[in-house]
Amino acid sequence: MEYNFKEIESKWQSYWRENKTYKVSSESDKPKFYVLDMFPYPSGAGLHVGHPLGYIASDIYSRYKRLKGFNVLHPMGYDAYGLPAEQYAIQTGQHPAITTDKNIARYREQLDKIGFSFDWDREVKTCDPKYYKWTQWTFIQMFNHWFNKDTQKAETIESLVATIAKEGNAGINAACSQDTPAISAEEWNNMSQNEQQQFLLNYRLAYLADAVVNWCPKLGTVLANDEVKDGLSVRGGYPVVQKTMRQWSLRVSAYAQRLLDGLEKIDWSDSLKDIQRNWIGRSLGTEMIFNVKDSDVKLEIFTTRADTVYGVSFMVLAPESDYVKQLTTPDQADAVKEYLDYVAKRTERERQSEVKTVTGVFTGSYAINPLTNEEIPVWISEYVLAGYGTGAIMAVPAHDSRDYAFARKFNLPIIPVVDNGGEIDLSESSYDAKEGKMINSGDLNGMDVKDAIKYTAEKVEKMGIGKIKINYRLRDAIFSRQRYWGEPFPVYYKDNLPYMLDENKLPLTLPEIDKYLPTESGEPPLGRAKGWTTEEGYQLELNTMPGFAGSSAYFLRYMDPENDNALVSKEANEYWRNVDLYLGGAEHATGHLIYSRFWNMFLYDLGVACEEEPFKKLINQGMIQGRSSFVYRVQGTNTFVSAGLKDQYDTTEIHVLVDFVKNDILDLEQFKNWMPEFNNAEFILEEDGKYHCGHAVEKMSKSMFNVVNPDNVIEEFGADTLRLYEMFLGPLEAHKPWDTKGIDGVYKFLRKFWRLFHNGEEFCVSDETPTADELKTLHRTIKKIENDIETFSFNTSIPAFMICTNELSALKCNKRAILEPLVITLAPYAPHIAEELWHALGNRESVTIATFPTWDEKYLIEASKEYPISFNGKVRFKMTFPATATNQEIEEAVKASADTARWIDGKSIKKMIIVPNKIVNVVIG
RNA sequence: GCUCGGGUGGCGGAAUUGGUAGACGCGCUGGACUCAAAAUCCAGUGUCCCUUAAAGACGUGCGGGUUCGAUUCCCGCCCCGAGUACCA
């Protein structure tokens with residue numbers, strides 16, 4: 001009987017579907033285990049072989065955990081809001097919901113063929129009103145909370161209002177907007193309701209404020225920092241400019257310290273934690289106030305180098321800073337205006353690519369150095385960022401390379417204040433290192449730099465002109481998008497101030513519109529919606545939420561996806577708690593993985609989530625790259641020359657569809673029929689009469705014709721082979737090119753495995769007692785596989801299975817006692833063939849609920865305490881002897897112990913190395 | 001620039017974390033079975049020296065070091081990949 005994967009796979013896939021084999025419930029006595037994949041955005045292109053890599057790994061782990069007796073939650077869903085569907089809608093007029101549904105159906109069809117053990121009854125879609133009801137609900141809660149820095153927790157706005165009404169806001173240590181004014185209880189109580197509403201926006205965790213945003217004119221929307229790379233939008237690659245707009249923001253920065261501290265508690269890769277640490281960017285420094293000559297403006301700056309205050313020779317403001325207006329003198333007004341116009345015109349990309357170009361303008365004002373009382377000019381330059389620190393700096397050109405470049409350009413003094421053994425040369429560059437002794441610095445002279453930083457910070461604090469301050473790079477997340485295809489905000493406006501809808505009115509569903517474009521007056525697409533008002537006639541919010549809104553709490557929703565009364569019930573949440581294993585790409589490190597941690601921490605503060613960290617363990621699967629194939633056209637002809645001979649001609653390289661290429665050999669007929677221009681192509685072949693293609697590793701993409709569809713692989717080899725092969729390709733976390741060359745080997749293994757159970761046409765398994773050798777092979781394999789799965793080294797499991805099969809096949813072993821546990825061991829990797837054989841062995845229950853076999857050490861050698869590894873008949877072991885033992889004694893002891901070991905039967909000691917500290921290496925073969 | 005990873009045969013990649021480097025697969029060579037092909041099975045396959053074999057020497061990016069012993073640990077350099085970038 002041949003291994004007929006098609007029949008087997010469709011049979012078991014429908015069996016699992018009909019019996020809901022993988023449905024789970026939170027009402028269980030078993031321990032829980034939550035395995036989650038990052039849910040996909042269903043793009044129009046469908047899945048390529050790279051997508052399932054992580055899903056296969058997580059499925060192996062889920063199936064393994066089930067066999068180990070866990071109640072495994074392993075759901076799947078769709079991140080359904082997104083730009084591509086909307087761009088398509090703009091071009092074609094097709095409603096994004098239709099496009100999205102079609103793509104989801106296609107994804108589902110492809111996923112089903114791979115044999116995943118998802119509980120599809122828990123599927124979520126972010127664009128489903130039943131789902132986004134809870135996204136809107138969470139937003140309302142954020143609006144109604146503020147962050148208390150003393151308790152490091154979100155607390156209700158009512159509690160804040162009560163405090164302010166009683167004692168003003170002076171004693172409140174809140175994460176709030178930088179320009180929040182100090183008010184007394186009396187002032188608060190005298191405010192109008194509108195004034196109070198406006199004031200509270202400074203505190204709310206979801207707040208409306210003017211912000212400098214990344215505006216992408218081409219997409220017609222603002223973007224978050226992680227959606228912009230190198231000054232271009234991540235989606236589409238369009239230029240981005242800085243613009244001030246009134247936008248919703250989430251006060252993510254309030255949680256900076258908790259997001260940082262939380263990293264210590266979770267099991268993520270060091271590199272990923274590192275990326276997040278850098279992104280959060282904690283830095284300890286000093287905030288210092290400089291008075292300004294002839295003005296009562298207090299110029300506040302942030303520095304990490306308080307020690308260099310004697311070396312300050314000018315100040316610099318960010319162009320967008322509020323100080324600019326306050327400090328520009330009338331006679332400099334024109335020059336400043338001209339400079340600001342120039343800055344406003346520059347795109348983010350220009351700013352970044354021309355970092356070396358130094359620009360700036362003098363404000364006309366002078367600040368007073370609080371320690372030297374010297375007058376120092378205040379400049380404006382785009383190298384200072386409005387969003388970090390206070391948007392103003394003290395410039396120390398001798399010890400900061402950017403200040404140095406600026407001073408050189410505008411001829412400002414460079415005053416050295418650090419000396420390092422007289423070796424510092426400031427004629428070419430600054431000396432930035434925090435090493436050396438202070439000079440030219442009054443009472444700091446002679447101090448070590450690090451001591452001087454601390455000393456100065458404390459000194460200015462005592463003088464009342466500064467304080468020690470921790471700054472974070474992490475910014476608040478801009479939460480408004482001027483798009484149609486996203487969650488509507490549960491927000492309406494009264495007197496130009498935002499108010500939240502009643503929770504009972506949720507979900508606020510997305511309205512229909514005629515065109516998916518901004519209105520004529522430049523408002524977002526929702527401005528086209530008819531009757532987009534509350535029942536009372538108040539205007540509803542026209543922006544929608546960004547992509548990360550829907551993906552920030554989906555892991556909680558999977559726990560209780562049907563619940564209409566809560567995001568997740570207390571019972572379901574307390575059973576499933578958080579994700580034990582999360583698999584996904586590292587590209588989400590600064591986006592989704594920050595936002596969802598923030599979102600979950602907020603829900604934790606509310607008591608909705610019972611765990612502060614959502615993802616206990618995280619694994620980043622690598623990307624599968626494409627392997628592009630090339631043909632070489634001889635210039636000016638329709639003749640194609642094989643790769644090995646191309647150097648003899650003048651050729652152009654042309655991408656060829658990889659489907660026509662097998663083991664780098666081109667199928668000439670398929671190629672000719674590909675496009676009309678190739679119909680009468682001629683070929684110059686190599687000696688073997690074949691056309692060899694060239695190849696290169698590139699990103700998998702349609703335009704390079706190197707996309708491999710998993711459906712084709714399944715059609716030819718079956719899902720089990722695809723699953724095994726994707727794992728066999730290399731370490732899970734590595735990037736690797738897709739190359740079908742080796743897939744035959746894996747397929748061959750499955751057929752060989754199948755043959756262990758069959759004798760010709762008939763299923764043939766015996767009930768004989770296994771021999772020691774057979775048991776040894778079995779137990780070694782079980783041990784290895786168990787260890788591999790626990791450590792996510794799925795790639796090394798496949799060789800172990802192959803060796804095991806080869807050995808059993810050489811031993812002609814078809815014994816039930818060996819094969820039955822082996823089937824279960826293979827089941828996580830190749831579930832279809834495992835089910836088929838499991839049932840053929842006479843077991844009526846699904847292999848899923850059998851238990852993972854345990855391995856027995858006694859079959860795994862005992863000569864010494866160390867386990868020898870033996871994959872090919874060679875055995876090695878290690879023994880340690882006291883230093884007094886002679887070589888002869890050692891040799892005898894080794895031989896005696898080797899002889900008693902079962903595995904030495906019929907073999908002899910081939911090599912023995914005895915080294916002075918009495919460790920012995922023995923090779924037996 | 002800074003911060004992380006990583007450099008092992010013709011290729012993808014193993015190596016019990018300091019103990020036979022190159023498992024397993026692909027590819028290649030030869031053989032068996034076949035009229036033939038496919039499928040399957042067996043043997044060989046790091047480099048050099050050699051007609052062959054044995055034996056030997058060399059060999060994990062480069063140069064040093066620690067050690068009886070280093071792909072593994074330490075120091076310096078080179079190259080590749082990822083993240084980040086006027087963050088004061």
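Because the structure is predicted, anything quoted here is derived from the model rather than measured. Every chain is numbered from 1 and lettered A, B, ... according to where its sequence line falls, protein lines coming before strand lines.
For the C1' atoms, the distance linking G46(B) with A15(B) amounts to 16 Å, nearest Å. As rounded to the nearest Å, G30(B) and C35(B) have C1' atoms that lie 22 Å from one another. When the C1' atom is used for both G10(B) and G19(B), the distance is 29 Å, rounded to whole Å. The same atom, P, is picked in U3(B) and in C58(B); the two are 39 Å apart, to the nearest Å. As rounded to the nearest Å, C80(B) and A43(B) have C1' atoms that lie 39 Å from one another. Straight-line distance between the P atoms of G25(B) and C41(B): roughly 11 Å, to the nearest whole Å.
Taking only side-chain atoms of Thr304(A), from C-beta outward, the nucleotide of C26(B), A88(B), U84(B) with the closest atom is A88(B). Listed candidates were G83(B), A88(B), C24(B). Nearest to the side chain of Tyr388(A) is A88(B). Distance from the side chain of Arg755(A) is smallest for U40(B) among the nucleotides A14(B), G25(B), U40(B). Counting only heavy atoms from C-beta on, Ser271(A) has its side chain closest to C4(B) among C4(B), C86(B), C26(B). In this structure, of A15(B), G13(B), C4(B), it is A15(B) that holds the atom nearest to the side chain of Thr796(A). Which of U84(B), C4(B), A88(B) sits closest to the side chain of Asp274(A) comes down to C4(B). Out of A85(B), C24(B), C26(B), the shortest distance to the side chain of Lys741(A) is found at C26(B). Checking G13(B), U84(B), A88(B) against every side-chain atom of Lys736(A), the shortest atom distance belongs to G13(B).
Using a 4.0 Å heavy-atom distance criterion, Pro737(A) is classed as making no nucleic acid contact. When heavy atoms are screened at a 4.0 angstrom cut-off, Leu385(A) is found touching base atoms of the nucleic acid. Contacts of Phe728(A) with the nucleic acid, taken as non-hydrogen atoms under 4.0 Å apart, include base atoms. At the heavy-atom level, Arg282(A) lies nowhere under 4.0 Å from the strands shown. Note on Leu729(A): only backbone sugar-phosphate atoms sit closer than 4.0 angstrom, heavy atoms only; bases stay farther off. At the heavy-atom level, Val316(A) lies nowhere under 4.0 Å from the strands shown. Asn795(A) comes within 4.0 angstrom of sugar-phosphate atoms only, judged by non-hydrogen atoms across all strands, and of no base. Nucleic acid contact class of Asp739(A) (heavy atoms, under 4.0 Å, all strands): none.
Geometrically, Arg597(A) engages Trp268(A) in a cation-pi contact, judged by NZ or CZ lying under 6.0 Å from the ring centre and within 45° of the ring axis. With Trp855(A) as the aromatic partner, Arg780(A) does not meet the cation-pi criteria of under 6.0 angstrom to the ring centre and within 45 degrees of the ring axis.
Between the side chains of Tyr383(A) and Asp403(A), at least one donor N or O lies within less than 3.5 Å of an accepting N or O. Residues Ser430(A) and Asp400(A) have side chains that never bring a donor and an acceptor to within less than 3.5 angstrom of each other. A donor-acceptor pair shorter than 3.5 Å can be found between the side chains of Gln257(A) and Tyr472(A).
Of the side-chain N and O atoms in Lys752(A), one or more sit less than 4.0 angstrom from OP1 or OP2 of C41(B). Contact between the side-chain N/O atoms of Arg751(A) and the OP1/OP2 oxygens of C41(B) is not found at any separation under 4.0 Å. In this model, the phosphate group of C26(B) is approached by a side-chain N or O of Lys748(A) to a distance below 4.0 Å at OP1 or OP2. Distances shorter than 4.0 Å separate none of the side-chain N or O atoms of Tyr383(A) from OP1 or OP2 on A88(B).
Under the 90° criterion around 0 for the glycosidic angle, G9(B) counts as syn. Annotated as anti: U66(B), whose O4'-C1'-N torsion sits more than 90° from 0.
Between Tyr3(A) and Trp754(A), the angle of the ring planes lies from 30° to 60°, which puts this pair in the tilted group.
In this structure, Asp744(A) atom CG and A39(B) atom P are separated by 8 Å, rounded to whole Å. Atom pair Glu726(A):CD and G25(B):C1' shows a separation of 16 Å (rounding to whole Å applied). Glu807(A) places its CD atom 17 Å from the C1' atom of C42(B), with the value rounded to the nearest Å. One interatomic measurement links the two molecules: CG of Leu724(A) to P of C26(B), which rounds to 14 Å at whole-angstrom precision.
Residues Asn278(A) and Ala392(A) both approach RNA chain B. Their nearest nucleotides, taken by heavy-atom distance, put Asn278(A) toward the 5′ side.
Summarising the geometry, atom CG belonging to Leu756(A) is positioned 6.0 Å from atom CG belonging to Leu808(A); distances are rounded to the nearest 0.5 Å.
Across every strand in view, A57(B) sits in a pair with U47(B) that passes the Watson-Crick or G-U test at under 3.5 angstrom. Using N1 to N3 plus N6-O4 or O6-N4 for Watson-Crick, or N1-O2 and O6-N3 for G-U wobble, each under 3.5 Å, C4(B) pairs with G81(B).
Checked against a 6.0 Å centroid threshold, the rings of Phe314(A) and Phe406(A) count as neighbours.
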